[in-house]
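No hydrogens, no waters, no symmetry mates; every other heavy atom, side chains included, goes into these values. The model shown is predicted, which means the values in this text are computed figures rather than measured ones. Every chain is numbered from 1 and lettered A, B, ... according to where its sequence line falls, protein lines coming before strand lines.
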Amino acid sequence: MYLHPLSLQLMSKRVRVRFAPSPTGGLHLGGVRTVLYNYLFAKKHGGDFLVRIEDTDQSRYVPGAEEYIFDCLKWCGLDPDESVQHGGNYGPYRQSERKSSYRQYAEQLVKDGHAYYAFDTPEELEKMRQDFRTEQNPSPQYDHTIRMKMRNSLTLTADETEKMLRDGKFVTRIKMPAGETVSFMDMIRGEVHFDTSLVDDKVLLKADGMPTYHLAVVVDDHLMQISHAFRGEEWLSSAPVHILLWKYLFGLGNMPQWAHFPLILGPNGKLSKRDGSKYGFPVFAMNWTDPKSGELTEGFKEKGFLPGAFINLLALLGWNDGTEQEIFSKEELIEKFSIERVHSGGAKFDYEKAKWFNHEWIKRWPVRDLSYQVKPLLEENGLWVPDDNLLNKVIELVKDRCTFLPDFIQQSSFFFKSPDSWDLDAVKPNWNPDKRIFFENFATRLAAISTWESVTLENEFKNLAGEKNIKPGELQLPFRIMLVGGKFGPPVFHIAELLGKEETISRIEKAVSLF
RNA sequence: GGCCCGUUCGUCUAAGGGCUAGGACACCACCCUUUCACGGUGGUGAUACGGGUUCGAAUCCCGUACGGGCUACCA
């Protein structure tokens with residue numbers, strides 16, 4: 001039997017994947033999809049999914065963001081096996097708490113000649129960018145062509161370097177080799193090559209002793225035994241730095257397999273929070289309030305998406321199983337997901353399609369589960385639900401008309417509260433004394449009815465209309481307005497059935513006096 | 001500018017050298033329905049362009065164009 005090289009590697013090592021967010025704000029679509037693909041891959045292969053908080057940039061730290069990320073994962077049903085909150089044997093899971101472990105690796109790199117110390121001030125760096133800026137090269141980099149013109153342990157004498165190091169103001173930079181080709185196998189894109197001459201000497205350890213992403217991701221992926229490193233495409237161009245670090249530090253043979261997911265695009269470019277407010281759709285999983293500005297950004301949860309639908313639509317944004325199936329449960333996704341079938345091209349987010357997914361989920365979702373979600377919504381809006389049995393019947397009757405959870409409020413309020421306003425414009429033009437008499441008589445007839453079922457009511461309605469010589473069709477709309485208040489809702493006799501005899505008659509009598 | 005990644009209906013995508021390029025969302029029409037929806041039937045609509053390779057190309061190769069990402073002591 002032929003085994004793809006990837007499958008061979010899969011079998012050799014326990015699958016461990018990670019999601020590594022920085023706690024800087026709301027968790028958006030792209031982030032959740034990265035979580036999802038990681039999670040699905042881990043579960044499919046019986047592996048571990050862990051969350052590592054990348055909080056090495058203290059200036060960008062936002063209080064509450066970390067907690068919020070875990071809340072989002074919980075709502076999505078994508079709980080990690082290991083994390084700050086879930087524990088595990090590879091902690092701490094917050095990079096700021098791992099600070100002390102990075103320095104030795106940076107020093108090792110310097111010792112081996114793969115990195116060096118640099119002392120340039122921000123002003124000097126800025127000056128360098130100005131001085132070397134040309135038409136052909138609008139953004140000069142700190143690279144092999146420039147580094148010998150800067151202040152670092154390569155250009156300074158040993159004594160000078162020693163003195164600078166004692167001052168403590170320095171960074172460690174990787175010494176990118178010139179003229180080498182770095183290549184690696186991306187599980188989605190195949191082999192990718194880079195010319196190391198074109199990559200700059202990235203900072204590995206910052207002046208405050210914190211690692212940058214580049215060092216931290218490699219060290220932690222190694223220490224946490226990550227088998228597959230999946231992340232967004234925005235990381236692809238820095239991959240050669242990470243590959244080289246693996247080579248220098250832990251050996252290419254121990255490196256995880258890589259996959260770079262395509263970006264989720266907005267109407268123009270990478271999807272942003274701005275796109276959401278501009279075009280009127282959520283981009284965050286859950287409501288996010290910026291602690292500084294107090295600005296609230298609406299989330300998919302609060303908009304009224306079902307978590308299953310949210311995950312479903314995200315999964316299909318860049319992946320499919322090769323069949324025409326579009327609605328997948330989480331379990332089905334775990335079973336059918338494969339990295340190799342993830343697209344390489346970016347996908348534009350289509351809110352209309354997202355709405356369709358949620359609508360489909362609401363239609364298929366068991367009534368009991370829906371009612372568990374809907375009941376609190378109704379109560380928040382001042383609608384008292386007398387018994388769950390009635391609620392279930394109501395939900396069954398109206399769910400085809402609901403795209404979002406909150407739609408149930410509008411679609412079912414009249415079952416729990418009699419209307420306090422009526423769409424008179426819909427009735428008045430064709431209203432006349434004969435119709436008034438019809439409804440007065442109808443109320444009387446209803447009072448005498450013994451089997452309160454929609455078919456019986458409809459027959460009674462049509463019979464009386466026949467006696468009065470009025471077309472039943474002309475009477476149905478007024479009847480609806482009496483019961484509902486407006487031109488919407490399920491078939492009117494079904495409404496009457498659920499409303500019950502007393503309530504139906506009382507609504508007719510009240511409305512007749514107003515029309 | 002440089003490097004990297006990408007390109008099939010408006011959008012998400014199927015088709016891994018061989019059917020009339022298939023499906024879904026959206027849109028349009030009709031049917032159902034004397035409310036609003038759901039639903040049903042049908043329709044409009046795509047292989048970016050130019051060269052190769054081949055009996056045969058959406059598919060493989062090259063070039064061009066276009067889109068995106070990166071180009072920080074941010075991730």
Side-chain angles (χ1 to χ4, degrees), chain A residues 20-24 54-57 59-60 118 120-122 125-126 129 133-143 169-173 186 188-189 192-195 197-200 202-214 216-217 231-240 260 262-263 265 267-270 313 316-327 343-357 359-360 363 398-403 407 410-411 423 426 471-481 484 486-492 495:
Chain A
S22 12
T24 53
E54 309 231 340
D55 56 348
T56 53
D57 184 358
S59 66
R60 294 212 312 162
D120 317 274
T121 64
L125 290 173
E126 186 47 39
R129 289 187 192 107
R133 180 186 217 130
T134 61
E135 191 96 329
Q136 284 76 31
N137 183 11
S139 46
Q141 306 188 97
Y142 203 120
D143 62 13
K169 275 289 183 193
F170 65 93
V171 301
T172 309
R173 285 181 182 272
D186 185 289
I188 295 172
R189 288 151 217 281
V192 185
H193 311 267
F194 294 88
D195 178 353
S197 300
L198 275 357
V199 183
D200 63 328
K202 290 261 184 268
V203 169
L204 264 20
L205 213 56
K206 300 185 265 189
D208 64 0
M210 279 288 192
T212 58
Y213 172 83
H214 308 293
V217 72
R231 72 232 292 200
E233 192 185 346
E234 68 268 31
W235 291 110
L236 194 51
S237 31
S238 48
H260 292 87
L263 265 11
L265 277 8
N268 15 300
K270 202 164 138 183
L313 72 91
L316 272 279
L317 211 52
W319 172 87
N320 70 84
D321 76 341
T323 72
E324 281 170 5
Q325 183 176 350
E326 294 196 271
I327 303 296
H343 272 246
S344 41
K348 211 171 272 180
F349 176 64
D350 180 3
Y351 189 48
E352 292 306 318
K353 184 93 185 210
K355 286 181 354 195
W356 174 80
F357 272 106
H359 189 34
E360 290 299 310
K363 284 192 291 181
V398 305
K399 66 177 183 172
D400 285 358
R401 296 170 160 75
C402 298
T403 299
D407 291 347
Q410 139 94 347
Q411 287 296 332
D423 185 352
K471 284 187 200 141
E474 284 186 36
L475 295 162
Q476 276 198 26
L477 186 59
F479 189 29
R480 167 176 300 280
I481 304 291
V484 176
K487 296 201 306 190
F488 62 93
V492 67
I495 296 175

Handout entry: Integer angstrom distance from the P of A57(B) to that of C4(B)
Key = 30 Å
Give me the distances for all protein-to-nucleotides 66-71 of chain B N/O pairs that come in under 3.5 Å?
unit_1, atom_1, unit_2, atom_2, d
G69(B), OP1, K270(A), N, 3.3
C70(B), OP1, K270(A), NZ, 3.2
C70(B), O4', S237(A), OG, 3.3
C70(B), O2', S237(A), OG, 3.3
U71(B), O2', Q141(A), OE1, 2.9

Handout entry: Value in whole Å for how far the P atom of C36(B) lies from CG of D407(A)
Key = 17 Å
Handout entry: Pairing of E54(A) and R60(A) as salt bridge, 4.0 angstrom limit
Key = no
Completion exercise
Between K471(A) and Y142(A), the residue closer to the 5' end of RNA chain B by nearest nucleotide is K471(A)
Exercise for the section: Flag the pair T403(A) / W356(A) as yes when at least one side-chain heavy-atom distance between them is below 4.5 Å, and no otherwise. Expected result: no
Handout entry: Separation of C73(B) P from E54(A) CD (nearest whole Å)
Key = 18 Å
Exercise for the section: Determine whether the side chains of H260(A) and R231(A) contain a donor N or O and an acceptor N or O closer than 3.5 Å. Expected result: yes
Exercise for the section: For D120(A), report the nucleic acid contact type (base, sugar-phosphate, nothing); a contact means any heavy atom under 4.0 Å. Expected result: base
Exercise for the section: Can you label the angle between the Y213(A) ring and the W235(A) ring as parallel, tilted or perpendicular, going by 30° and 60°? Expected result: parallel
Handout entry: P-based separation of A46(B) from A58(B) [nearest Å]
Key = 15 Å
Exercise for the section: Mind checking G486(A) for me? I need base, sugar-phosphate or nothing, with any heavy atom below 4.0 Å counting as a touch. Expected result: nothing
Exercise for the section: Using the P atom on both, measure C66(B) against G23(B) and round to a whole Å. Expected result: 34 Å
Practice task
Quickly work out the E326(A) CD to G23(B) C1' distance and round it to whole Å.
Solution key: 7 Å
Handout entry: Between U11(B) (P) and H343(A) (NE2): distance, integer Å
Key = 14 Å
Handout entry: Residue-phosphate contact under 4.0 Å: R173(A) side-chain N/O, C73(B) OP1/OP2
Key = yes
Exercise for the section: Give one of base, sugar-phosphate or nothing for R129(A), where a contact means two heavy atoms less than 4.0 Å apart. Expected result: sugar-phosphate
Handout entry: Separation of G2(B) C1' from N137(A) CG (nearest whole Å)
Key = 7 Å
Problem - Rounded distance in Å between the P positions of G17(B) and C74(B) - result: 47 Å
Can you tabulate the close N/O pairs, meaning under 3.5 Å, that link protein atoms to atoms of nucleotides 37-47 of chain B?
unit_1, atom_1, unit_2, atom_2, d
C38(B), O3', K363(A), NZ, 3.3
G39(B), OP1, K363(A), NZ, 2.8

Exercise for the section: For nucleotides A37(B) and U44(B), find the distance between their P atoms and express it as a whole number of Å. Expected result: 26 Å
Practice task
Could you name each residue pair satisfying salt bridge (charged side-chain N to carboxylate O under 4.0 Å, His left out) that touches residues 202-211 of chain A, not counting sequence neighbours?
Solution key: D200(A)-K202(A)
Handout entry: Spacing of the P atoms in G6(B) and C62(B) (rounded, Å)
Key = 12 Å
Problem - Atom C1', compared across A26(B) and G43(B): separation rounded to whole Å - result: 14 Å
Practice task
Check every strand shown and say whether P21(A) touches a base, only sugar-phosphate, or nothing at a heavy-atom separation below 4.0 Å.
Solution key: nothing
Problem - Closest to side chain of L198(A), choosing from C3(B), C25(B), C73(B) - result: C3(B)
Exercise for the section: Provide the Watson-Crick or G-U wobble partner of C49(B), both distances under 3.5 Å; none if there is no partner. Expected result: G63(B)
Problem - Minimum side-chain heavy-atom gap L205(A)-F170(A) below 4.5 Å - result: no
Exercise for the section: With a 3.5 angstrom cut-off on both distances, give the Watson-Crick or G-U wobble partner of U8(B), or none if there isn't one. Expected result: none
Handout entry: Under-4.0 Å side-chain N/O to phosphate OP1/OP2 contact, N320(A) with A14(B)
Key = yes
Handout entry: Heavy-atom side-chain proximity of L316(A) to K353(A) below 4.5 angstrom
Key = no
Practice task
In whole angstrom, give the distance that lies between atom NZ of K353(A) and atom P of G23(B).
Solution key: 13 Å
Handout entry: Pairwise C1' distance for G45(B) and G22(B), with rounding to whole Å
Key = 14 Å
Exercise for the section: Give a yes/no answer on whether the side chain of T56(A) brings an N or O atom under 4.0 Å of OP1 or OP2 in A75(B). Expected result: yes
Exercise for the section: Have a look at A207(A) and say if it touches a base, only the backbone sugar-phosphate, or nothing, with a 4.0 Å heavy-atom cut-off. Expected result: base
Handout entry: CD-CG distance between Q411(A) and D400(A), expressed to the nearest 0.5 angstrom
Key = 10.5 Å
Handout entry: Value rounded to 0.5 Å, distance of CD1 in I188(A) from CH2 in W319(A)
Key = 13.0 Å
Handout entry: E126(A) CD - C73(B) P separation (whole Å)
Key = 10 Å
Fill in the blank from the handout: By nearest-heavy-atom nucleotide on RNA chain B, the more 5' of A354(A) and K206(A) is A354(A)
Exercise for the section: Select base, sugar-phosphate, or nothing to describe what F357(A) touches, counting heavy atoms under 4.0 Å on all strands. Expected result: nothing
Exercise for the section: Report which part of the nucleic acid V203(A) touches: base, sugar-phosphate, or nothing (heavy-atom distance under 4.0 Å, all strands). Expected result: sugar-phosphate
Practice task
For the side chain of V192(A), starting at C-beta, report the closest nucleotide among U35(B), C3(B), C5(B).
Solution key: C5(B)
Practice task
Any strand is fair game: report the nucleotide pairing with C3(B) by Watson-Crick or G-U wobble, both distances under 3.5 Å, or none.
Solution key: G69(B)
Completion exercise
From the candidates G10(B), U34(B), G6(B), the one with an atom nearest any side-chain atom of R189(A) is G6(B)
Practice task
Would you indicate whether the side-chain heavy atoms of L204(A) and R173(A) approach each other to under 4.5 Å?
Solution key: no
Exercise for the section: Would you indicate what P472(A) reaches in the nucleic acid, counting non-hydrogen atoms under 4.0 angstrom: base, sugar-phosphate, or nothing? Expected result: nothing
Completion exercise
For G42(B), the nucleotide meeting Watson-Crick or G-U wobble distances (both under 3.5 Å) is C28(B)
Practice task
Select base, sugar-phosphate, or nothing to describe what G345(A) touches, counting heavy atoms under 4.0 Å on all strands.
Solution key: sugar-phosphate
Problem - S22(A) (side chain) donor-acceptor with T24(A) (main chain) under 3.5 angstrom - result: no
Problem - Any side-chain heavy-atom pair of E233(A) and S344(A) under 4.5 Å - result: no
Handout entry: Donor-acceptor under 3.5 Å (K399(A) side chain, K363(A) main chain)
Key = yes
Completion exercise
A15(B) -> Watson-Crick or G-U wobble partner, both distances under 3.5 Å, gives none
Completion exercise
Of A26(B), C3(B), A75(B), the nucleotide closest to the side chain of Y213(A) is A75(B)
Handout entry: Opposite nucleotide pairing with G56(B), Watson-Crick or G-U, both atom distances under 3.5 Å
Key = none
Completion exercise
Rounded to whole Å, the NE2-P distance (H214(A) to A75(B)) equals 7 Å
Practice task
With syn defined as a glycosidic angle within 90° of 0 and anti as everything else, classify C36(B).
Solution key: anti
Completion exercise
Answer for the Watson-Crick or wobble partner of A37(B), both distances under 3.5 Å, is none
Fill in the blank from the handout: Picking from G1(B), C73(B), U35(B), the nucleotide nearest the side-chain atoms of F488(A) would be U35(B)
